[in-house]
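Chain letters run A, B, ... following the sequence lines, proteins first and then strands; every chain starts at 1. Nothing here was measured: the structure is a model prediction, and the numbers come from that model. Quick note: numbers below take in every heavy atom, side chains included, and nothing from hydrogens, waters or symmetry partners.
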Amino acid sequence: MRTLRCGEVRPLHVGERITVCGWVGKRREHGEHLAFVDLRDYTGIVQCVVEGSVDVRSEYVLQVEGTVSARPSGTTNDQLATGEVELHDCVVTVLNAAEPPPFAVDDRVEVDEPIRLKHRYIDLRRPKMQRNLRLRAQVNRAIRLAMDAQDFCEIETPLLWAPTPEGSREFAVPSRLHQGKFYSLPQSPQLAKQLLMVGGFDRYYQIARCLRDEDLRADRQFEFSQLDLECSFVTEQEIRAFVTEAVLDAAEVATGVRPGAVETITWAEAIDQYGTDKPDLRFEMRLIDLSADFAETEVKAFAAPTVKALKVEGGAEFSRSRLDQLVDRAKSLGAKGLAWFKVTEHDGVLGVDSPLDRFLTDAERAAVLDRTGASAGDLIVIVADEYRLVCSVLGTLRVDLGGAPVSEGPYRYVWVVDFPLFDGVDAEGRPEAAHHAFTMPHPEDLERLESDPLSVRAQSYDLVLNGWELGSGSIRIHRFDIQQRVFAAMGIDAEEAELRFGFLLGAFKYGAPPHGGFAFGIDRLVAIFAGENNIREVIAFPKTQSGADLLTGAPSHLPAAQMAELGIRPVPKAT
RNA sequence: GGACCUGUGGUGCAGCCUGGAGUGCACGCCGCCCUGUCAAGGCGGAGGUCGCGGGUUCAAAUCCCGUCAGGUCCGCCA
């Protein structure tokens, strides 16, 4: 039907009779004797010269047979890859007419997202969406090649699966054959892949669809894709090396540049220096500890277990209203307040300009200036409170003040390792698994599992790229005795364990190998490479923040007969 | 569950704060003109439930309340 794609026509084709197919972009008519039609497909645009009038409109689908000719001198277009040539003596076949589209198929025109999503099939024609989805395919391919090269075996796991009441809320699917019973859509293939390890597939992977019924965000959809992998007889370092290979290959394919070595920092260092477990290493600005300097302070605002600061270079220029906004932001993040100090210089001596200055001792003022290494023109902001709160508030402010959009290069991967096994306690005072209940404690900390569980580190690790958490993984518990101790620490007795994870524990009795794995989000990775701050831009048919599909109208009501067949009935919403 | 922002011809905006005739801009669309344009150009034209409902007012796109939709964020996401 065609011999070349629109964007592929070049001077080397001059003289050839070719056939191209595509959509009408722009047409420029000059009376009844001459018209130019831009024919577009995903590769680009080629100009068709029609001697005479032509009855085509925007987005008509055409087949054009024509002779490639060099453009007359002075009429070439260096904006187009095909700008030195054009098609003459065109035979135009209208394959399909089209109504005027609701918006232009053109990246230069900004269109509100609801309109784009309602007519996604048109939006997908736009060059950006073509680029993004094709980039995604490239990344998928690079990942598959990398995993294959590392002897991983691709295996699919069920979407209709048993509920695994851990972590995020699952979607339920009513069973027709077993009325009143339900399948769950997996939040991840976690348990399935561990069963594959017991089944002897010592290196498994898949690009798996995962489903989580949690509120949506710019970086979260109900359904998303992960590179999911699990392997046996490996160390934590080996697993990270497998994943590193895949993500470096993906970055190289996507950007043309292979990022440098991936750094590794511990969770504790990340929290302490960056205030978050997903640090953005593209800019320096670290949290500076002033706790010791204010241990004996008389300043009420700083009388707290932890006092930490951020230095904002050049921040002394901030207006009062901007500073007020900063204070409000800190409060909205949970801080009681935020102290700020503009660093000044008089006669070569550094000082500070701040409402709190008159309450500081000379030693305290000196400490603030020295520890932060501030110079005139900088701004220092300080939060004092409990350790974790101070870190999280300043961690967020750090990104607010110094961060760039996630998608801007350079690409700085970082492994965050040695997460705590438990992340606080639940309402009944029982430690809650930070990753999941099958995460292997750090061997050095195993002895404290009963005496001081919250201090126990896990053999778990996250991969972070430019401040976005791409994914996480861990070495799993494969021995029953350790699993029992972890369950006990979490307050899960044998009966409850059997109820929730019986099939996994049962399988583990029959020779479970030591194993561990990882999973990272493809949507987030591709979004970053595509220069998007929003994963909907790399998903063909995404849902809105309220979980609606504006194209299909989903979710929608089921016909009564189908409801009856499934044995389900809606109940009025409780008020 | 909560906070904030947005909603005006097909599209993107301005108008709203400080109420006074659906007023304006750009693109698109329709018609006519135009033989080298390329986000073509010229002339003319059509196209509106100012998201929806209520209130205040002589008068509401504009002020108030509610509601719906979209977005960003908090909670949530082992």
Sugar-phosphate only, base, or nothing, as touched by E113(A) at under 4.0 Å among non-hydrogen atoms: sugar-phosphate

Sugar-phosphate only, base, or nothing, as touched by E29(A) at under 4.0 Å among non-hydrogen atoms: base

Touch class at under 4.0 angstrom, heavy-atom based, for A35(A) against every strand present: nothing

Earlier contact from the 5' end, RNA chain B, for H33(A) and F103(A): F103(A)

Integer angstrom distance from the P of rC64(B) to that of rU18(B): 9 Å

Side-chain donor/acceptor of D215(A) to base of rG75(B), under 3.5 Å: yes

rG53(B) to rU8(B) separation - P atoms, rounded to the nearest Å: 15 Å

Distance-only donor-acceptor check, side chains S69(A) and R71(A), under 3.5 Å: no

Any N/O donor-acceptor pair, E86(A) side-chain to rG36(B) base, under 3.5 Å: yes

N/O (side chain, S546(A)) to phosphate O (OP1/OP2, rG70(B)) under 4.0 Å: yes

Atom pair distance, as rounded to whole Å: NE2 in H119(A) and C1' in rG70(B): 15 Å

Donor-acceptor pair present, R71(A) side chain and rC38(B) base, under 3.5 Å: yes

Residue closer to the 5' end of RNA chain B, R217(A) versus R212(A) (nearest nucleotide): R217(A)

R536(A) vs rU72(B): side-chain N/O to OP1/OP2 distance below 4.0 Å: yes

Whole-angstrom distance between rG47(B) and rC30(B), as gauged at atom C1': 10 Å

Touch class at under 4.0 angstrom, heavy-atom based, for A434(A) against every strand present: sugar-phosphate

Below 4.0 Å: OP1/OP2 of rG70(B) and any side-chain N or O of T544(A): yes

Touch class at under 4.0 angstrom, heavy-atom based, for S188(A) against every strand present: base

Presence of S168(A) side-chain N/O under 4.0 Å of rC76(B) phosphate oxygens OP1/OP2: no

Pairwise P distance for rA39(B) and rU72(B), with rounding to whole Å: 32 Å

Separation of atom NZ in K543(A) from atom P in rG70(B), rounded to whole Å: 13 Å

Whole-Å P distance, rG12(B) and rG71(B): 15 Å

Pairwise P distance for rG19(B) and rA60(B), with rounding to whole Å: 13 Å

Between rC29(B) (P) and R27(A) (CZ): distance, integer Å: 6 Å

Watson-Crick or G-U counterpart of rU57(B), or none if no pair lies under 3.5 Å: none

Contact under 4.0 Å: K118(A) side-chain N or O vs rG70(B) OP1/OP2: no

Note, L505(A) side chain near F487(A) side chain (heavy atom, < 4.5 Å): yes

Check: Q47(A) side chain, rU37(B) base, donor-acceptor under 3.5 Å: yes

Side chains of T164(A) and E170(A), donor plus acceptor under 3.5 Å: yes

Sugar-phosphate, base or nothing in reach of I115(A), heavy atoms under 4.0 Å: sugar-phosphate

Protein-nucleotide distance (E110(A), atom CD; rU6(B), atom P), rounded to Å: 17 Å

Selected nucleotide, minimal atom distance to L80(A) side chain, candidates rC77(B), rC38(B), rG12(B): rC38(B)

Test item: D106(A) and V109(A) side chains (from C-beta on) under 4.5 Å apart, heavy atoms: yes

Distance test, side-chain N/O of K26(A) to OP1/OP2 of rU37(B), below 4.0 Å: no

Phosphate OP1/OP2 of rG12(B) contacted by R108(A) side-chain N/O (<4.0 Å): no

Sugar-phosphate, base or nothing in reach of D106(A), heavy atoms under 4.0 Å: nothing

Phosphate OP1/OP2 of rU72(B): any N534(A) side-chain N/O under 4.0 Å: yes

Touch class at under 4.0 angstrom, heavy-atom based, for Q221(A) against every strand present: nothing

Sugar-phosphate, base or nothing in reach of T76(A), heavy atoms under 4.0 Å: base

Below 4.0 Å: OP1/OP2 of rU35(B) and any side-chain N or O of R28(A): no

Touch class at under 4.0 angstrom, heavy-atom based, for A218(A) against every strand present: sugar-phosphate

Side-chain N or O of Q545(A) closer than 4.0 Å to phosphate OP1/OP2 of rU72(B): yes

Pairwise C1' distance for rA46(B) and rC29(B), with rounding to whole Å: 9 Å

Touch class at under 4.0 angstrom, heavy-atom based, for Q190(A) against every strand present: base

Base paired to rU62(B) (Watson-Crick or G-U; both N/O distances under 3.5 angstrom): none

Touch class at under 4.0 angstrom, heavy-atom based, for P102(A) against every strand present: sugar-phosphate

Result of checking Y205(A), W415(A), Y204(A) against F518(A) for ring-ring contact (aromatic ring centres under 6.0 Å, His included): W415(A)

Partner nucleotide, any strand, of rU11(B) [Watson-Crick/G-U, under 3.5 Å]: rA26(B)

